[in-house]
Amino acid sequence: MSLRYLGKRILLLLAVMWTAASINFLIPKLSPRDPIKERLEQAAMMGGRNQTGLQAMTDAYSQQYGLGEPLWKQYLHALLKVVQFDYGYSISQYPRTVNSVIKDALPWTLGLGITSILIAFFIGTMLGALLGWPRSPRWLRAFVPASMLTSAVPAFVLGFLLIYLFAFQLRIFPLAGAYSRTATPEWSLTFIADVAQHAILPALALILFQLGGQALQMRGLMVMTTGEDFITFADAKGLRPRRIFSRYAVRNALLPQVTGLVMSLGTFIFSTVLVETLFSYPGLGNLINSSIQVLDYNLLYGITMILVFAVCIATLVVDLIYPLLDPRIRYEGR
Amino acid sequence: MSAPASQASSPTRPPGASPVLSVRDLRVEYSTDSGVVKAVNGISFDLMPGEKLGLVGESGSGKSTVALALMRMIRPPGRISGGQMLLQGKDLVPLPERTMRQMRAREIAMIPQGAMNSLNPVARIEDQIIDTLEDHATERRSKKVLLDLARSALESVGLRREVGRMYPHELSGGMKQRACIAIAVAMRPKVVIADEPTSALDVVVQRQVMDTILRLQDELGVAVILIGHDMGLMAQSVDRLAVMYAGKLAEVSPIREIFAEPLHPYTDLLIDSLPKLEDRGTFRGIPGLPPSLKSLPPGCLFHPRCPKVMDICRQEIPEYLELRPQQFVACHLHEERHDRAAD
C-alpha cells in the first residue's frame, strides 16, 4: 500500500473531523437557552431566595467559559480545542475537566459497544449466511421473520421489553447501572461478574437490534452470491458442500457485509446513546444525553468529537484491511 | 404410439463399442406459479467413448438444461422428472447426492458457459484446482504434490505454471476459460460437457480455446458434448450433431450427413440461415418463434413454423426414429418413408 494513499485518507479524515467540529459547534449555539443562567437560577431557587445580581453573575461566568465572546472567536477557540484534544472544564460537573469526565465513561461504552457490535456482527453474519444457503434445513427459515422483527424494533424499545421481563418481572438481572451500588470497582472476579451481570441486558438490547439487520443483509448477499456462475462451477467440480459454503459463498458475500458493518457504526452509536440512557449505564451515551439536558457545551462537544473520531478511525482501519479480504482491491504502488 | 425409449435404444453403436453415456427419455420440468415448464421433454441419445457430440438449438430450447441435468445439478423448482442417464451402465438419476457429488469432475465434468465469472474471485487459480483434487482425493497428499499437480494441469491447457499464483481478475478472458478447462479435466473424467465454452470470447481466442478442448479430448480420450448455437463452429469441431427444438431432439446425425442432407426441416432451415460467401447481403432467419414450453402445440412442436407442414403434423407427435444407421429424426415426412421401407 502506498504512503500516498494513506496520506490522502488521513487528509480526508481531517476534513471530516473539521466538518463535524463545525457542525457540532454551531448546532447547540442555535438553542436560545443559556446554560449558565439556567444553572445559576437553579442554584438560586434551591437557595430559596431571589438573589440579586444574577445577570451580572451570569455574564461573569460566561466570560470565564468564553461564552461571551463573538461567535467567530468562539468557533476558532473550539477548533483549537479539538486540535489540542482539550475541551476545558465541564460546565455541569465543574470543576472536573471534560477529558476526565470522558475518561471515566469511555471504558464502559467501549466495553458494552464493541462487545455487542462484534457479537451481533459475528452471529448475524453466520445466521444470515445459513439463511441464504439453499441447503440449510427448513426450520432455520423461522429466523427470517424473527430477524425482521428485531431489526425493525428500535434498540431502546427492546431494552424496555428486556427490563420489564427479566429485571422487573423475573428479577434475574439488575434494573440499571453498570455495577451494584455496594460494590467497589476493582480487578476482582466478583466485581467482574457483577459488571457482566449488569451488562447482559443492555448488551442484549443492542445485539438483538443489530443482529437482525446483519442477518438479513447477509442473507441477501448470500442469495446473490449463490446465484453466481462460480458457485455453479464449484458444484460442477464436485466440491464438498461445506467447502462451497465457506470458501466460495460466504467468503465472497462477506466483502460487502464488512462494508455494511462500517456504515452501520453511526446508527449503532445512536442506539447505544438511547440504551445507555435507558439502563442508566455510566457510558458516553448516557453522558451525551445528560449533557444535552443541561446544555453542557464543552462536554457535549468533547463526546461528539470522540465519537466522530472513533467512526473515522474505524472506517480507515476497515479500508486498510480490505485488500487482505479482497485481492481485487489494491492501493496503487505496494 | 410406442415408447420412444425402446425406439431409440435400437442398435446405433459401431460393433464392439459400448456407449460411455446413454440418455434415455430424459425429462426435466420446472414448476412455476403459472404451470409446469417442460424444459427437456424426453430426449434419448448415446455418446461413444472419445466421441465429440454437438448439441445445438435456439435459446430456450433446453440445451443448457440438458447439461445441468447430466451433471445432476438441476435445482428446485426444477427436477428430473423421468428417464435414465446411464454413465458406463450406471444410472445417475437415482443416485444419492453424496455419491453424485463424487462422480462430478471425476467421471463427468463441465466446462462452464460464463468463464468470465466461473472462477472464485477471491481465490488463487491453483487453489481452485487443488480444491477439486482435495475433495476427490482417496488419500492425503502433501501441499507440494497438490501444487505441482495443479500447475501441471495449467500447463496442459497451455498456461504458464506461474498463472497458478494469480487471481482470476489478473487473467484475460481466454486465460480464464483455459483455467476452467484445466479444472474440468483435472480429474480425467470420461465425459466432458462444454456449455458454450466460447460464447463470451472473441473469434481468435475462440479458436484457441476450441483447439485446446479438442487437443485435450484427443490426448485424454474423453467424450465431449459441445453445446452451442454456432453451426459453423460445430461443423469444424464435432463428429455428430444433435439438434434440439423446444425440449426435444429433432435430429441426430453425423456431421457430414447433416450438412449434406439434413433430414428435419428445422435442421435444414438452421443450416440455410448460415451466412454464405456466395450469397452476400441476404440474411435468412427462421420465421416465427419457438413455442412456449408451458403450453406446447399439439402434434409436432415445430409445425407452426415448418414450411413442409402436413395435416398429420398438427395432430400427431412424430416418433424419434433411426431412419438410417446413425441418423435419427423425429419428423412425419420421414415416418412415411420409414414405414414404406419397412413394408
Side-chain angles (χ1 to χ4, degrees), chain A residues 1 125 129 131-141 218 221-260 318 321-334, chain B residues 64 67-68 70-76 97-125 127-137 165-170 176 179-180 182-187 189 192-193 195 200:
Chain A
M1 181 189 329
T125 302
L131 288 176
W133 182 238
R135 293 182 215 215
S136 294
R138 274 174 159 270
W139 58 263
L140 255 177
R141 285 181 211 174
M218 185 65 181
L221 291 169
M222 276 294 279
V223 168
M224 248 166 61
T225 310
T226 48
E228 295 274 357
D229 288 342
F230 60 82
I231 297 289
T232 310
F233 190 43
D235 252 332
K237 282 153 74 173
L239 301 186
R240 290 176 207 281
R242 192 167 292 186
R243 193 195 290 266
I244 301 179
F245 175 74
S246 59
R247 295 264 283 272
Y248 286 72
V250 172
R251 182 70 175 70
N252 279 284
L254 209 54
L255 304 172
Q257 178 79 356
V258 170
T259 314
V318 170
I321 61 167
Y322 222 89
L324 299 179
L325 290 174
D326 188 343
R328 283 166 296 186
I329 292 175
R330 198 171 288 168
Y331 303 122
E332 71 265 52
R334 233 160 100 109
Chain B
S64 293
L68 285 177
L70 288 172
M71 298 297 294
R72 270 275 310 274
M73 278 168 47
I74 302 280
R75 300 275 172 253
E97 171 60 27
R98 185 175 299 227
T99 323
M100 189 58 219
R101 172 184 84 69
Q102 289 164 343
M103 305 280 280
R104 293 188 194 119
R106 171 178 290 204
E107 303 287 334
I108 182 164
M110 190 169 89
I111 298 173
Q113 186 167 18
M116 303 310 282
N117 305 313
S118 287
L119 294 166
N120 185 352
V122 298
R124 295 182 195 279
I125 303 294
D127 289 333
Q128 303 194 38
I129 306 179
I130 290 175
D131 282 349
T132 314
L133 300 175
E134 272 186 344
D135 279 2
H136 290 286
R165 299 290 302 157
M166 295 189 183
Y167 288 98
H169 69 279
E170 298 171 298
K176 277 187 219 178
C180 287
I183 293 172
V185 300
M187 297 299 298
V192 169
I193 303 160
D195 187 0

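Predicted model only: the values in this text are computed from it and were never measured. Note on naming: letters A, B, ... go to the chains in the order of the sequence lines (proteins, then strands), and numbering restarts at 1 for each one.
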As an exercise, state the distance from CZ of B:R72 to CG of A:D235, rounded to the nearest 0.5 Å. 11.5 Å
Using a cut-off of under 4.5 Å on heavy-atom pairs, state which of B:M187, B:M73, B:M71 scores highest against chain A. B:M73
Using only non-hydrogen atoms and a strict under-4.5 angstrom cutoff, which residues of residues 131-139 of chain A touch chain B? A:R135
Option passing side chain to side chain contact (heavy atoms under 4.5 Å, CB included) with B:N117 (candidates A:T232, A:D229, A:I231): A:D229
Part of B:M110 lying under 4.5 Å from any heavy atom of chain A: both
Before giving the answer on side chain to side chain contact (heavy atoms under 4.5 Å, CB included), spell out for A:R247 and B:V122 the whole-Å C-alpha distance, their side-chain angles and the decisive distance to 0.1 Å. CA-CA 9 Å; A:R247 295 264 283 272; B:V122 298; over 6 Å; no
Is B:E134 close to chain A through its backbone or its side chain, or both, or neither, when contacts mean heavy atoms under 4.5 Å? both
Heavy-atom proximity to chain B below 4.5 Å, by part of A:R328: both
Write down the atom of A:Y248, the atom of B:D131, and the distance for their closest heavy-atom approach. OH-OD2, 2.7 Å
Tell me, side chain or backbone of B:Q128 under 4.5 Å from chain A's heavy atoms, or both, or neither? both
Of the backbone (N, CA, C, O) and the side chain (C-beta and beyond), which part of B:R75 lies under 4.5 Å from a heavy atom of chain A, both, or neither? side chain
Partner set under side chain to side chain donor-acceptor pair (under 3.5 Å) for B:N120, not counting sequence neighbours: A:N252
Has B:H136 got a side-chain atom pairing as donor or acceptor with A:K237's backbone, closer than 3.5 angstrom? yes
Residues passing the salt bridge (charged side-chain N to carboxylate O under 4.0 Å, His left out) test with B:D127, sequence neighbours excluded, are B:K143
A:P241 versus B:R101, closest heavy-atom pair with distance: CD-CD, 3.9 Å
Minimal non-hydrogen separation, A:P327 against B:P121, with atom names: CG-O, 3.7 Å
Those residues that, when tested against A:E228, pass side chain to side chain donor-acceptor pair (under 3.5 Å) (two or more places apart): none
Correct closest heavy-atom pair for A:F233 and B:P112 would be CE1-CD, 3.4 Å
